[in-house]
Amino acid sequence: MARETASARRARALRIVRLLAKAYPDAACALHYRGAFELLVATILSARCTDKKVNEVTPAVFARFPTPTAMAQADPAELERLIQPTGFYRQKAQSILSASQDLVGRFDGSVPGTLEALVTLRGVGRKTANVVLGNAFGVPGLTVDTHMTRVNRRLALTQHEDPEKIELDLMELVPRKEWTIYSHRVIQHGRVCCDARRPRCEQCPLRAECPWPEQHGS
DNA sequence: ATCCCGAGGG
DNA sequence: CCCTCTGGAT
């Protein structure tokens, strides 16, 4: 594909948005949660871990520590044991405890609804903050995780590796109201089709808009 | 740049 | 065995 002009790329991005909507009309957050606090905890646990695995451990976690107040007083060893299958369990337990203590101490026991406040919590970066904003508060947010990074790079909607730079590129290309649902659809697409190891370009709904198959002979 | 860390697939 | 899975802190 010859070098693409900015306006051509913008038009292509909009076609991709439409194709994704048709291919994944029901895409949604795959984590199981009730309310902002549970979503925050589930999203911290989802780092480098499948959502499926997270959903297996969270019912017991939420049953045992249902509120920020309860979680803030949790025994670290018990929490570590409950979340152990998700990996990185010491850091994650520490993050969940510390973040919960901050919710109680600095945010009146509830999850704040702004990016600036959320990222001050231990274990919460832009990606996690945007998941909470988009799904618990209805504030548009692009959640640049491993799937968003891989798929958008293959689509040549960004050249960057740094998640924050990718987020800025996508903010220019994807209509603001679509940010949250676009993230869900790209993540689903990354799981079922645009696989990390071997993308299934033959059956990809975005094939006509993607330079990857031509460049990699499939 | 490196570390955390378990589990599943090829 | 190596890579990947809804990252973040040091």
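Note that the coordinates shown come from a computational prediction; the quantities given were computed from them, not determined experimentally. Letters A, B, ... are given to chains in the order of the sequence lines, protein chains preceding strands, and every chain is numbered from 1. Basis for what follows: all heavy atoms, side chains included, without hydrogens, waters or symmetry-related copies.
For A/Glu209 and A/Arg15, the salt-bridge test passes: some basic side-chain N is under 4.0 Å from an acidic carboxylate O.
When only modelled atom types and interatomic distance are considered, A/Asn152 and A/Tyr182 share a side-chain donor-acceptor pair under 3.5 Å. No hydrogens or angles considered: nothing links the side chains of A/Arg48 and A/Thr86 as a donor-acceptor pair under 3.5 Å.
When the side chains of ILVMFWY residues are joined at heavy-atom separations under 4.5 Å, either directly or via intervening members, A/Trp212 and A/Val151 end up in two distinct hydrophobic clusters.
Taking atom P in both C/dT10 and B/dC5, one finds a spacing of 14 Å when rounded to whole Å.
Side-chain N/O atoms of A/Tyr89 include none lying less than 4.0 angstrom from OP1 or OP2 on B/dC4. Contact annotation: A/Arg90 side-chain N/O to B/dC5 OP1/OP2 distance is under 4.0 Å.
Contacts of A/Ile83 with the nucleic acid, taken as non-hydrogen atoms under 4.0 Å apart, are absent. Within 4.0 Å of A/Thr128, counting heavy atoms only, lie sugar-phosphate atoms of the nucleic acid but no base atom.
Protein chain A touches strand DNA chain C; the 5'-most and 3'-most nucleotides with an atom under 4.0 angstrom of its non-hydrogen atoms are C/dC3 to C/dT10.
Only one option out of A/Val139, A/Val131, A/Leu133 pairs with A/Asn135 in a side-chain contact (heavy atoms from CB on, under 4.5 Å); it is A/Val131.
The CZ-C1' distance, from A/Arg122 to B/dC4, rounds to 13 Å in whole Å.
Nucleotides of DNA chain B nearest to A/Gln84 and A/Arg197 differ in position, and the one nearer the 5' end is that of A/Gln84.
Shown for residues 136-168 of chain A: residues whose heavy atoms fall under 4.0 angstrom of DNA chain C, namely A/Asp145, A/Thr146, A/His147, A/Arg150.
A side-chain donor-acceptor contact under 3.5 Å links A/Glu38 to the backbone of A/Arg34.
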